[in-house]
Protein chains: 2
Amino acid sequence: MAKEASYKDKKVITIGIVRELTGLSERQIRYYEERKLIFPERTSGGSRKYSFADIELLMEIAEKIEDGVQTYEIRQEMKKKNADATKLRNKMIQGQLNAQFGTRKR
Amino acid sequence: MAKEASYKDKKVITIGIVRELTGLSERQIRYYEERKLIFPERTSGGSRKYSFADIELLMEIAEKIEDGVQTYEIRQEMKKKNADATKLRNKMIQGQLNAQFGTRKR
DNA sequence: CGTGTAAGGAATTCTGACACG
DNA sequence: CGTGTAAGGAATTCTGACACG
């Protein structure tokens, strides 16, 4: 859906560097993955690879957890955000189509 | 001199990933460093860390070497390019100063 | 629930050197 | 000159589990 997958979204950062960049422990980083909040890729050898976007997301997650939000709730928020974004995207595509071909009732 | 050191210039990629991304061998990547063509940072443990900019530079280097250019020559080219960029930058700053305070002879 | 930790193993990376040419 | 490789060691990462609360 996205196009070039620029620097920000390329999964190229190992967990040790992520630890340094976020200040989180590896345990925390892995746990958030277990709770489906973050989705690193893997090298052929099995090591996790993260993107800069992942790092930013991790910091947001950590902040919420400090505020007492549970991982389950954070997951719900993320689901909702994705659903809304999809809806908006579809609405815009529909708008484009209507503009080009005219609005049609049924 | 640069400002935010955005994603592209942040040294966060380990050599294994660089190998995958560039298709070069680790031997080659380390050798180009030995020849002062590339300057990775290091983790506390001593592992090399590269940026996306480094990766692009590595691919340019590899191309030149395939064309028969020697590392020494590549190094000279890079030096020249840096010198030219610095000159241009200084010229522009000088222009700014002149525009604000007027041109002064001595 | 979220995180620390010790455990054992596997994958990763490092350096210095020999080889070829 | 540029690169491959075997060598030995050190740093990194992985998983599953026990602990606390």
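In what follows, every heavy atom counts, from backbone to side chain, and hydrogens, waters and symmetry copies are set aside. Since this is a predicted model, take the numbers as computed values, not measurements. Just so it is clear: chains get the letters A, B, ... in the order the sequence lines come, proteins before strands, and each one is counted from 1.
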*Closest nucleotide of DNA chain C for A/Tyr31 versus for B/Thr14: which of these residues is on the 5' side?*
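It is A/Tyr31, whose closest nucleotide lies nearer the 5' terminus.
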*Closer to the 5' end of DNA chain C via nearest nucleotide, is it A/Val69 or A/Ser44?*
A/Val69
*Between B/Gly46 and B/Tyr32, which is nearer to the 5' end of DNA chain D once each is assigned its nearest nucleotide?*
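Nearest-nucleotide comparison on DNA chain D picks B/Tyr32.
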*Which residue, A/Arg48 or B/Arg27, contacts DNA chain D at a nucleotide closer to its 5' end, judged by nearest heavy atom?*
B/Arg27
Tell me the partner of [N], counting only Watson-Crick (N1-N3 plus N6-O4 or O6-N4) or G-U wobble (N1-O2 and O6-N3) with both under 3.5 Å; none if nothing fits.
N      : answer
D/dA6  : none
C/dA11 : none
D/dG16 : none

*asked:* Once you apply a heavy-atom cut-off of 4.0 Å, does A/Arg35 come out as touching a base, just sugar-phosphate, or nothing?
replied: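 Result for A/Arg35 = sugar-phosphate.
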*Contact class for A/Thr71 (heavy atom, under 4.0 Å): base, sugar-phosphate, or nothing?*
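Touches sugar-phosphate only.
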Spacing between [X] atom [atom1] and [N] atom [atom2], to the nearest angstrom:
X       : N      : atom1 : atom2 : value
B/Arg42 : D/dT12 : CZ    : P     : 12 Å
B/Ile15 : C/dC14 : CD1   : P     : 5 Å
A/Ile29 : D/dT12 : CD1   : C1'   : 13 Å
A/Glu66 : C/dG2  : CD    : P     : 13 Å
A/Glu26 : C/dA6  : CD    : P     : 14 Å
A/Leu58 : C/dT3  : CG    : P     : 11 Å
A/Arg19 : D/dT12 : CZ    : P     : 7 Å
A/Glu34 : C/dG2  : CD    : C1'   : 10 Å

*Minimum heavy-atom distance between B/Asp54 and B/Ile38, given as atom pair plus value*: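 Minimum heavy-atom separation between B/Asp54 and B/Ile38: O-CD1, 3.6 Å.
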*Could you tell me which non-hydrogen atom of A/Val18 sits nearest to which non-hydrogen atom of A/Tyr50, and how far apart they are?*
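Looks like CG2-CD1, 3.5 Å.
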*When you check the phosphate oxygens OP1 and OP2 of C/dT12, does a side-chain N or O of A/Thr43 lie under 4.0 Å from one of them?*
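Answer is yes, contact under 4.0 Å.
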_B/Glu77: which residues meet the side-chain hydrogen bond (donor to acceptor under 3.5 Å, both in side chains) condition with it, sequence neighbours left out?_
B/Lys64
*asked:* As an exercise, state the distance from OH of B/Tyr7 to NZ of A/Lys8, rounded to the nearest 0.5 Å.
replied: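 Between atom OH of B/Tyr7 and atom NZ of A/Lys8 there are 3.5 Å.
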*asked:* I'd like to know if B/Lys81 and B/Glu60 make a salt bridge, using a cut-off of under 4.0 Å between side-chain N and carboxylate O.
replied: no
*Listed nucleotide nearest any side-chain atom of A/Gln28, set C/dG4, C/dT13, D/dG2*: C/dG4
